[in-house]
K.L.:
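Pasting in a structure now, in structure tokens, and then I'll have a few things to ask.
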Amino acid sequence: MKQVYMDHSATTPVDPQVVDAMLPYFTEKFGNSSSFHSFGREAAKALSAARHKIADCIGAKSNEIIFTSGGTESDNLAILGTVGQYAGVSHIITSVIEHPAVLNTCAYLERIGHEVTYIPVDADGIIDIEALVSSIKENTVLISVMHANNEIGSIQPIREIADIANSKGIVFHTDAVQSLGKIPVNVNDLGVDLLSISSHKIHGPKGAGMLYIKDGTSISPIVFGGGHERGLRPGTENISGIVGLATAVDLAMQRYDVDSRHLLDLRNSLIEKTMATIDGVRLNGHSTKRLPNNVNLSFRSVEGESLLMMLDLKGIAVSTGSACSSKSLKASHVLASIGLAADFIHGSLRISLGRGNSMEDIDYLVSSLQEIVSRLREISAL
Amino acid sequence: MKQVYMDHSATTPVDPQVVDAMLPYFTEKFGNSSSFHSFGREAAKALSAARHKIADCIGAKSNEIIFTSGGTESDNLAILGTVGQYAGVSHIITSVIEHPAVLNTCAYLERIGHEVTYIPVDADGIIDIEALVSSIKENTVLISVMHANNEIGSIQPIREIADIANSKGIVFHTDAVQSLGKIPVNVNDLGVDLLSISSHKIHGPKGAGMLYIKDGTSISPIVFGGGHERGLRPGTENISGIVGLATAVDLAMQRYDVDSRHLLDLRNSLIEKTMATIDGVRLNGHSTKRLPNNVNLSFRSVEGESLLMMLDLKGIAVSTGSACSSKSLKASHVLASIGLAADFIHGSLRISLGRGNSMEDIDYLVSSLQEIVSRLREISAL
Amino acid sequence: MYSKKVIEQFTNPLNVGTIENADGIGEVGSTVDGDIITIYLKVDNGVLSEVKFKTFGCVVAISTSTIVTQLAKGKTIEEAQKITNDDVLNALDGLPEGKDRCSGFALDALNKAIDNYIEFKKD
Amino acid sequence: MYSKKVIEQFTNPLNVGTIENADGIGEVGSTVDGDIITIYLKVDNGVLSEVKFKTFGCVVAISTSTIVTQLAKGKTIEEAQKITNDDVLNALDGLPEGKDRCSGFALDALNKAIDNYIEFKKD
Ligand SMILES: Cc1ncc(COP(=O)(O)O)c(C=O)c1O
Ligand SMILES: Cc1ncc(COP(=O)(O)O)c(C=O)c1O
């Protein structure tokens, strides 16, 4: 059966070039970077080269890059690590549309006595800057707002928030897990102090990620052990994973112009063709301030998991904000926060494109949707 | 140049069979295990199979296995996660010869107001059980004692400690990072509640590990995010790494008889030949209660880093407890804790064997040592 | 994760539709829950001669809906009232863990429709 | 991480040994530190005609020891006293970060040996 993967915001296939770069680090160059001997030095060299490569790609210095096990850990390290620098009750500002890696970390901080303000977003999923400004308090130590949202692709005004945070001396973190490779990610242009990246979202291997920590920004570790990663993230470094991450970041930069134009063409075509041929469809998220690879649609009178299953039976992989498809059986908090009615949340579909998708894939998806939506609407009680 | 790797306690080459098992999970079966569609289900299936395989190997149930990024994270999750279950000041008992992943986590707990007792070991590196028993207090919530030591290979009386802990209702954790595959590791026989494993020490990939959590033992997460790993370890699972870990554990079990006999032969021969041909050599650690792959020797009047360098120039990779070779410039706390004099600590050499080593490697090491030790002694001021 | 039976029923559901001048109608769920199931009955001499459904909902909602209509059709009112959730689950070769929230909705709708028929007859 | 120069000097150190009836002896370090460097001098007409060392220690200790003896040999006392740590580091093409703890020991030992010679002469 034809297989069309369009769920790149969930994870991506590892690029064959990335696999090639990783392979030597399993069986030949397998040393522990802390070891004195040649095997160790080879690993330390690879680690250092990876750090420099990533730093170059995002406008950082190599000592500002700390490797982690993924996006979730990077977000946790940024938030818990910043709060760990202060005594007493800290206040954190974030948005209602953050990933659970941020929201649940903030919820934990609330449980242990800290304060968190969750800033709302408008109907397009863009953060309310005025609300953010007026929520700043004496004890605000951190603002964490994601660069681009994983469900509706809305791009946040990071520079603007960074300027506010900097002027108040508040540490500013952004989760760039979804934005890297799709829109420009340069730590200087963004003006951030902390920035999270996850390897498996950019055609790198799972199990690797990084946190950019601007020189002069101090954070506390959340895991303790050997002195790896300047003591901020102990544990034998996952060299093959880190080499994979660095290769993936590098590839994303090299391919940036081609990829982002390609994705934009596919995205716009998908939106246009779906809207033109299917009734009762709504585009969720901002029309232009949106990732070039993200399409989030709601279909009237049909439920997302059923849509997913029908598409899956045609070999098409996408996702939904409907409760029934998720293990937690909770409907998307992001779609709720942009004020979407319950039936539209349950009827939502996220199509996240990748560099491997073609216009043919788009046409296959659109024609499949035409058939499936009409079948489900025939069954539907709505 | 001939390359002889004998530093398997630092890290191991990934077994080619393990690499083969991992490869499909990069480019083909790359799904996110949380996704609804076929790519996701394939990943979820691999994850579940890995969990069952490991559980079978160590006598656990599959729901008792939580995947992590490595040994350090497993140790942290075990310790911080247990303490997180209790309000007020907790007391933890551990040993003076634990890995920094345990010791520095305990030191952190002390900094935030908890109490830790560090139990001494005897001259052979075996824990003082009486001291352990008498250190138990009302508020003792956790005992953490490693199964086998990473520097001197001494094997601790885990079952005995487990019985004590169980009789007092205290949670018992053991770090089995060095023991798995070298001596029997069965959670029922050991009687432990929590047990840490690291993939890269057993010919698996770096960046993967696991914590066994006995049914009925509750721990709190230390990282927050999606609901992965029963909410105890959120973050998209590193499927290729986990498949690699499971394959490595399985291989270790299958090869256990052959490997452990082979290692024991090599180990005993190495000790014998070195002692017989070089003067002023001391074996550190217990003569029999010791990992079959661990040799730890001290050479009078020579310093470890110099030994390491000379051996490295001959293509031999080993390690030392001397301060000068470590990035922290601290001499081995393990060798100090068995009462070894400073010059013997500085002159120590850890040779940790692996399944790829041969008797030829042993002979090459011994003849190299003969030459090198005598050269360094000529230079030495001692 | 879903059994073959569930997917079969989901992709080729029988008894989809409404019944004009139905003898009984039962509706459960809401758009907030993400599932709305309506079951329509035609009763001849105490026998459910026709049972149809319309469902907005997930895979479980649709597959249990069609199974419930198939189990009920041709049965007497009394027989139909004895259909249990286990009968539904067995007919579908089970449901995945954590997916049983909406598994009872279709049966609830059937029972509501029967109650509606009985009430209506009384009047 | 070590420069080629360091490894060369470490593997083929010149001036290893003791001097019988030395004119000056300087020793620094301890077994606790893991480095003990002893430098022996022979002085002819105010010139260091012979400089030898014995070192228990790491790569840096041994390579700086031999370099210091090489730099000092043939120099007058006054010239030898002007040898700086930078001279040592330059001669070794530098040392890796974090490894400079023991880089000054060898020079200290030389200076101690010279002081010992001067003291001894006074008596
Ligand atoms: C915006 C965002 N942040 C964080 C994460 C977590 O990253 P990881 O899966 O690498 O832990 C994800 C993906 O799941 C994400 O989309
Ligand atoms: C006994 C022991 N525990 C824990 C660790 C840490 O494991 P990892 O390097 O996978 O974080 C190691 C190895 O470094 C070890 O030898």
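Worth saying up front: this structure is predicted, and the values here are computed from it rather than measured. In what follows, chains carry the letters A, B, and so on, assigned in the order in which the sequence lines appear, proteins first and then strands, with residues in each chain numbered from 1.
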K.L.:
Answer yes if the side chains of A:Lys201 and A:Thr11 hold a donor-acceptor pair under 3.5 Å, and no otherwise.
P.N.:
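No donor-acceptor contact under 3.5 Å links the two side chains.
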
K.L.:
Is the backbone of B:Asn150 close enough, under 3.5 Å, to the side chain of B:Arg350 for a donor and an acceptor to pair up by distance?
P.N.:
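Checking the backbone N and O of B:Asn150 against the side chain of B:Arg350, a donor-acceptor pair under 3.5 Å is found.
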
K.L.:
Quick one: what part of B:Thr12 sits under 4.5 Å from any heavy atom of chain A, side chain, backbone, both or neither?
P.N.:
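For B:Thr12, the contact with chain A is made by the backbone alone.
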
K.L.:
Let's test your reading of the structure: which of A:Ala43, A:Gly207, A:Pro221 forms the most heavy-atom pairs below 4.5 Å with chain B?
P.N.:
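Highest number of pairs under 4.5 Å: A:Gly207.
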
K.L.:
Contact part of A:Leu80 toward chain B, heavy-atom cut-off under 4.5 Å: side chain, backbone, both or neither?
P.N.:
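For A:Leu80, side-chain heavy atoms alone lie under 4.5 Å from chain B.
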
K.L.:
Would you mind checking which part of A:Met22 comes under 4.5 Å of any heavy atom in chain B, side chain (CB onward), backbone (N, CA, C, O), both or neither?
P.N.:
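Contact with chain B is through the side chain of A:Met22 alone.
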
K.L.:
Checking A:Thr27 against chain B: side chain, backbone, both or neither under 4.5 Å from a heavy atom?
P.N.:
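Both backbone and side chain of A:Thr27 come within 4.5 Å of chain B.
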
K.L.:
For B:Gln3, look at atom CD and say whether over 12 heavy atoms of other residues, nucleotides or ligands are found less than 6.0 Å away.
P.N.:
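Correct, the count exceeds 12.
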
K.L.:
Please identify, among B:Phe39, B:Phe30, B:Phe26, the residue contributing the most non-hydrogen atom pairs under 4.5 Å to chain A.
P.N.:
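Top option by heavy-atom pairs under 4.5 Å: B:Phe30.
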
K.L.:
If I measure from the heavy atoms of chain B, does A:Thr68 come under 4.5 Å with its side chain, its backbone, both, or neither?
P.N.:
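A:Thr68 has no heavy atom closer than 4.5 Å to chain B.
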
K.L.:
With a 4.5 angstrom heavy-atom cut-off, which part of A:Asn238 approaches chain B: side chain, backbone, both or neither?
P.N.:
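When you check distances to chain B, atoms from both the backbone and side chain of A:Asn238 fall under 4.5 Å.
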
K.L.:
Go through the atoms of A:Val223 and report whether side chain, backbone, both or neither lie under 4.5 Å from a heavy atom of chain B.
P.N.:
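When you check distances to chain B, atoms from both the backbone and side chain of A:Val223 fall under 4.5 Å.
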
K.L.:
Using non-hydrogen atoms only, which part of A:Ile242 is less than 4.5 Å away from chain B: side chain, backbone, both, or neither?
P.N.:
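Neither part; nothing is under 4.5 Å.
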
K.L.:
Is it the side chain or the backbone of A:Val102 that comes within 4.5 Å of chain B heavy atoms, both, or neither?
P.N.:
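Contact with chain B: none, neither part.
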
K.L.:
Contact between B:Leu365 and B:Ile351 at the side-chain level, heavy atoms closer than 4.5 Å - yes or no?
P.N.:
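Answer yes - side chains close enough.
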
K.L.:
With a 4.5 Å heavy-atom cut-off, do B:Arg355 and B:Asp15 have their side chains touching?
P.N.:
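Yes; the side chains approach each other to less than 4.5 Å.
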
K.L.:
Against chain A, work out which of B:Gly70, B:Gly226, B:Pro234, B:Gly227 has the most heavy-atom pairs shorter than 4.5 Å and name it.
P.N.:
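Heavy-atom pair counts peak at B:Pro234.
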
K.L.:
By a 4.5 Å heavy-atom criterion (distance strictly below it), what part of A:Tyr108 contacts chain B: side chain, backbone, both, or neither?
P.N.:
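Answer is side chain: those atoms of A:Tyr108 sit under 4.5 Å from chain B.
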
K.L.:
Between B:Met1 and B:Leu313, is any pair of side-chain heavy atoms under 4.5 Å apart?
P.N.:
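No. Closest side-chain heavy atoms not under 4.5 Å.
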
K.L.:
Please examine the side chains of A:Cys106 and A:His114, heavy atoms only from C-beta on, and report whether any two atoms are closer than 4.5 Å.
P.N.:
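Side-chain contact under 4.5 Å: no.
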
K.L.:
Is any side-chain heavy atom of B:Asp75 less than 4.5 Å from a side-chain heavy atom of B:His173?
P.N.:
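In short, these two side chains touch, coming nearer than 4.5 Å.
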
K.L.:
How about A:His228 and A:Phe67: do any of their side-chain heavy atoms sit closer than 4.5 Å?
P.N.:
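A:His228 vs A:Phe67: side chains apart.
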
K.L.:
Counting only non-hydrogen atoms closer than 4.5 Å, does A:Glu305 touch chain B with its backbone (N, CA, C, O), its side chain (CB onward), both, or neither?
P.N.:
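Interface part for A:Glu305: both.
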
K.L.:
For each of B:Lys29, B:His200, B:Glu73, tally heavy-atom pairs with chain A at distances under 4.5 Å, and name the one with the top tally.
P.N.:
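Option with the greatest count: B:His200.
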
K.L.:
Using side-chain heavy atoms (C-beta onward) and a distance below 4.5 Å, is B:Val4 in contact with B:Ile316?
P.N.:
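Yes, their side chains come closer than 4.5 Å.
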
K.L.:
At a heavy-atom separation under 4.5 Å, does A:Asn76 approach chain B through its side chain, its backbone, both, or neither?
P.N.:
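Contact with chain B is through the side chain of A:Asn76 alone.
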
K.L.:
Less than 4.5 Å apart, any side-chain heavy atom of B:Thr247 and any of B:Val243?
P.N.:
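Yes - at least one pair of side-chain heavy atoms lies under 4.5 Å apart.
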
K.L.:
Give the member of B:Val18, B:Thr105, B:Val14 that has the highest number of heavy-atom pairs under 4.5 Å with chain A.
P.N.:
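Max contact count across the listed options: B:Val14.
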
